Amino acid sequence: MQTRPIPGTDLAVSSLSLGGWLTFGGSLDDATSLRILRTAVDRGVTFLDLADVYAHGAAERVVGQFLREVDGDQLVVSSKVFWPMSDDPGDRGLSRRHIHASIDNTLQRLGRDHLDLYFCHREDPGVPLAETVQAMGDLVAAGKVRAWGTSCWQAATLQQAWALADQLGVAPPRVEQPQYNLFDRWIEQEVVPMCAQLDMAIVVWSPLASGALTGKYLNGKPAGSRGATSRWVDDYLTPPRMRAVEQFVALCAERSLAPAAVALAWAMAQPGITSVITGATSEAQLQANLAAAEVVVDDALRAQLDAIFPPPRRSGWKRVIKRLLGRD
């Protein structure tokens, strides 16, 4: 497994990482979660991505148990803050009060005295950006966080955050975490160039488009699948997108490659991408995802994929941003 550095820090993360959304402490029991975590680390995964809102803190608790059983110092662990954790109106968003309270709760659940990466889980237009930048910078200065980042922030907001960090004399964001897959390529327009300009890493989520790119929804939603219970996959189940998946699956078959491995390998090989976050509900699924590390995305394959999933045009990306800012 390849590791890649996060600029401006002494951190490096595996090119394929493991996230806990909808799985750890949620759809999976603790024993299964721990087995998946052990297998991932044994196979070279060094980056575990979480959020306080995942299973309402239970994902952090499960990973905290895992960290007590392994050499956690060899791993990069992240979490996020923004989404409501209770009915208290103050228990949400990116205010200084909520950020400082949330990191303490996260560290308690993880059983750690610091966090490697801490993400602002969305933009918060209800809080002055300077307040958020100051609060995150203060966590770095206090040693509670080694570096901080953002998730689904617009390029202009990233640029403003860096300017404010310079004015305030605090650490700037070092990582952006957007949605990215063969369907959702909008970040190529502005976010990727801005991160290159700011020397920020990019770690991406939903690389399989909620499983749509595996081809498992070509004949409808299988019972027990995420799509059977989650609205997230619905955006991908339109006739035009399903036709694209059919072409993609056929292309992978011609090359004797699994669609999931190709989709993940493509994301890992894209310019500016530091790590690709995957999820797994079983060890078998995890092993299938990790096979992406062995897939070579050559120029011919890249051109074939671009023909099926064209790079984004200028129009449309603002609509995607608006949708993402209100969803998780």
Side-chain angles (χ1 to χ4, degrees), residues 6-9 11 13 19-21 47-54 57 59-60 76-85 89-107 110 114-142 144-168 170-180 187 190-191 194-195 198-206 274-275 277 321-328:
I6 294 177
T9 77
L11 298 170
V13 295
W21 180 42
F47 177 30
L48 306 178
D49 180 72
L50 304 168
D52 57 2
V53 75
Y54 295 170
E60 292 176 331
V76 174
V77 180
S78 74
S79 194
K80 308 181 191 75
V81 57
F82 172 76
W83 296 105
M85 288 293 286
D91 195 14
R92 64 195 67 193
L94 298 179
S95 68
R96 176 182 179 84
R97 173 178 175 269
H98 185 232
I99 287 171
H100 280 262
S102 295
I103 188 62
D104 289 341
N105 292 333
T106 285
L107 293 176
L110 288 170
H114 73 278
L115 190 64
D116 299 300
L117 290 172
Y118 200 35
F119 291 94
C120 295
H121 210 161
R122 289 294 186 272
E123 295 184 16
D124 188 349
V127 174
L129 185 57
E131 178 178 342
T132 298
V133 171
Q134 181 73 63
M136 298 300 280
D138 287 347
L139 294 184
V140 176
K144 290 187 176 183
V145 171
R146 295 175 69 181
W148 71 280
T150 59
S151 181
C152 299
W153 280 29
Q154 299 173 82
T157 311
L158 293 174
Q159 188 174 40
Q160 293 167 16
W162 266 72
L164 285 168
D166 182 61
Q167 295 171 18
L168 296 168
V170 300
R174 296 295 184 182
V175 191
E176 162 61 12
Q177 185 179 137
Q179 182 182 29
Y180 188 55
I187 65 169
E190 294 197 354
V191 173
M194 181 57 69
C195 286
L198 298 174
D199 203 20
M200 290 180 67
I202 302 175
V203 302
V204 301
W205 57 275
S206 193
T274 307
S275 186
I277 301 169
I321 278 282
K322 183 176 180 181
R323 173 173 61 83
L324 282 173
L325 291 178
R327 291 174 54 175
D328 187 18

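Everything numeric here is computed off the predicted structure, so don't read it as measured data.
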Asker: Are any side-chain N or O atoms of Glu176 and backbone N or O atoms of Trp153, one a donor and one an acceptor, separated by less than 3.5 Å?
Answerer: yes
Asker: Applying salt bridge (Lys or Arg N to Asp or Glu O under 4.0 Å), name anything that partners Asp104, two or more places apart in sequence or on another chain.
Answerer: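 By the salt bridge (Lys or Arg N to Asp or Glu O under 4.0 Å) rule, Asp104 matches Lys144.
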Asker: Looking at Trp148 and Gly137, what are the two nearest heavy atoms and their distance?
Answerer: NE1-N, 4.3 Å
Asker: Please assess Asp52 against Ser79 for the test side chain to side chain donor-acceptor pair (under 3.5 Å), listing each intermediate value before the final yes or no.
Answerer: CA-CA 6 Å; Asp52 57 2; Ser79 194; 5.6 Å; no
Asker: Please report the closest heavy-atom contact between Ala130 and Leu164, naming both atoms and the distance.
Answerer: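 Distance-wise, the nearest heavy atoms are N-CD1, 3.7 Å.
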Asker: Determine whether Asp49 and Val203 make a side-chain contact, defined as any pair of heavy atoms from C-beta on separated by less than 4.5 Å.
Answerer: no
Asker: Quick one: side chain to side chain donor-acceptor pair (under 3.5 Å) partners of Ser275, sequence neighbours excluded?
Answerer: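 Ser275 satisfies side chain to side chain donor-acceptor pair (under 3.5 Å) with Ser17 only.
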Asker: Where do Gln179 and Ile187 come nearest, in terms of heavy atoms and distance?
Answerer: O-CG2, 4.0 Å
Asker: Nearest 0.5 Å, please: how far is CG in Leu48 from OG in Ser78?
Answerer: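 Between atom OG of Ser78 and atom CG of Leu48 there are 8.0 Å.
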Asker: Go through the structure and list residues passing side-chain contact (heavy atoms from CB on, under 4.5 Å) with Asp91, not counting sequence neighbours.
Answerer: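 Partners of Asp91 under the side-chain contact (heavy atoms from CB on, under 4.5 Å) test: Met85, Ser86, Asp88, His98.
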Asker: Under the side-chain contact (heavy atoms from CB on, under 4.5 Å) test, which residues partner Asp116, sequence neighbours left out?
Answerer: Leu11, Val76, Val77, Arg112, His114, Arg146
Asker: Measure the CD1-OG1 distance between Ile202 and Thr150 for me, rounded to the nearest 0.5 Å.
Answerer: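 One gets 9.5 Å once the value is rounded to the nearest 0.5 Å.
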Asker: Would you compute the distance between atom OG of Ser151 and atom CD of Glu123 and round it to the nearest 0.5 angstrom?
Answerer: 10.5 Å
Asker: Sequence neighbours left out, what passes side chain to side chain donor-acceptor pair (under 3.5 Å) with Arg96? Give chain and number order.
Answerer: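 If we apply the side chain to side chain donor-acceptor pair (under 3.5 Å) test to Arg96, skipping adjacent residues, the hits are Asp138.
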Asker: For Thr106, which residues count as a side chain to side chain donor-acceptor pair (under 3.5 Å) partner, sequence neighbours excluded?
Answerer: Glu60
Asker: Which residues satisfy the side-chain contact (heavy atoms from CB on, under 4.5 Å) test with Pro172, sequence neighbours excluded?
Answerer: Trp162, Ala165, Arg174
Asker: Would you call Val170 and Gln134 a side-chain contact if the rule is heavy atoms closer than 4.5 Å?
Answerer: yes
Asker: Can you tell me how far the OG atom of Ser102 sits from the CZ atom of Arg97, to the nearest 0.5 Å?
Answerer: 9.5 Å
Asker: Considering residues at least two apart in sequence or located in another chain, which fulfil the side chain to side chain donor-acceptor pair (under 3.5 Å) criterion with Thr9?
Answerer: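 Once residues adjacent in sequence are excluded, Thr9 has no partner under the side chain to side chain donor-acceptor pair (under 3.5 Å) criterion.
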Asker: Once side-chain contact (heavy atoms from CB on, under 4.5 Å) is applied, do any residues pair with Val127, and if so which ones, sequence neighbours excluded?
Answerer: Ser95, Asp124, Glu131, Thr132
Asker: Go through Phe47 and Leu117 one step at a time and tell me if the side-chain contact (heavy atoms from CB on, under 4.5 Å) criterion holds.
Answerer: CA-CA 10 Å; Phe47 177 30; Leu117 290 172; 4.2 Å; yes
Asker: For Leu129 and Ala161, which heavy atoms make the closest approach, and how far apart are they?
Answerer: CD2-N, 3.9 Å
Asker: Do you know which two heavy atoms are closest between His121 and Trp83, and how far apart they sit?
Answerer: ND1-CD1, 3.2 Å
Asker: Under a 4.5 Å cut-off applied to non-hydrogen side-chain atoms, are Met136 and Pro173 in contact?
Answerer: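 They are not in side-chain contact.
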Asker: Who are the ring-ring contact (aromatic ring centres under 6.0 Å, His included) partners of Tyr180, not counting sequence neighbours?
Answerer: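 Applying ring-ring contact (aromatic ring centres under 6.0 Å, His included) to Tyr180 gives Trp266.
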Asker: Given Phe82 and Cys120, is the side-chain contact (heavy atoms from CB on, under 4.5 Å) satisfied, shown in steps?
Answerer: CA-CA 6 Å; Phe82 172 76; Cys120 295; over 6 Å; no
Asker: Can you check whether Cys152 reaches Gln177 side chain to side chain, under 4.5 Å on heavy atoms?
Answerer: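 The answer is no; the side chains never approach within 4.5 Å.
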Asker: Specify the closest pair of heavy atoms between Ala201 and Thr274, including all atoms of both residues, with the distance to one decimal.
Answerer: CB-OG1, 3.3 Å
